[in-house]
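All figures in this text were calculated on a predicted structure; none of them were measured in a lab.
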Amino acid sequence: MAIVSYIRVSSTDQSFERQLSILESSGIKVEKFFKEKISGKDTKRPQLNSMLDYVREGDVIYITEFSRLARSTTD
């Protein structure tokens with residue numbers, strides 16, 4: 001079982017630090033991070049697709065907020 005995390009910020013001037021800090025303070029031991037700086041409205045997110053290709057049944061994916069993964073449940 002792999003423990004992975006997807007971290008996304010919307011613009012290049014934003015930092016991953018807040019999301020990394022949340023995961024670190026929770027005590028979760030993430031083995032692999034998938035990070036990208038891209039708008040959530042952009043449906044072409046290479047790191048999200050890489051993560052989806054990487055994970056297998058039984059793996060756990062952590063995100064700090066649903067909005068980091070998708071803009072809505074439809075997405």
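The shortest distance between side-chain heavy atoms of Ile61 and Met51 falls below 4.5 Å. Side-chain contact check for Arg8 versus Lys35: every heavy-atom pair is 4.5 Å or farther apart. At a threshold of 4.5 Å between non-hydrogen side-chain atoms, the residues Arg68 and Ser10 count as touching. Between Gln19 and Val9, some side-chain heavy-atom pair lies under the 4.5 Å cut-off. Between Leu20 and Ile7, the closest side-chain pair of non-hydrogen atoms falls below 4.5 Å.
Separation of atoms OG (Ser50) and CZ (Arg45) is listed at 12.5 Å; rounding is to 0.5 Å. Atom NZ in Lys29 sits 14.0 Å away from atom OG in Ser5 (nearest 0.5 Å). Residue Ile28 holds its CD1 atom at 10.0 Å from OG1 of Thr64, rounded to the nearest 0.5 Å.
Note: the hydrophobic cluster containing Leu23 does not contain Phe66 (ILVMFWY, side chain heavy atoms under 4.5 Å, direct or indirect links). Under a hydrophobic clustering in which Ile, Leu, Val, Met, Phe, Trp and Tyr are joined whenever their side-chain heavy atoms come within less than 4.5 Å, directly or via other members, Ile38 and Ile63 fall into different clusters.
For the pair Leu52 and Val55, the tightest heavy-atom approach, listed with the atom from each and the gap, is O-CG2, 3.7 Å. Counting all heavy atoms, side chain and backbone alike, Gln14 lies closest to Lys37 at O-NZ, 3.0 Å.
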Stepwise, does the side-chain contact (heavy atoms from CB on, under 4.5 Å) test hold for Val4 with Glu31?
CA-CA 6 Å; Val4 301; Glu31 299 165 25; 5.8 Å; no
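Although no hydrogens or angles enter the test, the distance criterion places a donor-acceptor pair under 3.5 Å between the side chain of Asp59 and the main chain of Ala2. Using a distance-only test at 3.5 Å, with no hydrogens or angles considered, no donor-acceptor pair links the side chain of Gln47 to the main chain of Tyr6.
Ion pairing of Arg18 with Glu65 is present here, as a side-chain N (NZ or NE/NH1/NH2) and a carboxylate O approach within less than 4.0 Å.
Here ring pair (Phe, Tyr, Trp, His ring centres under 6.0 Å) pairs that include residues 15-65, with residues two or more places apart or in two chains, are Phe34-Tyr54.
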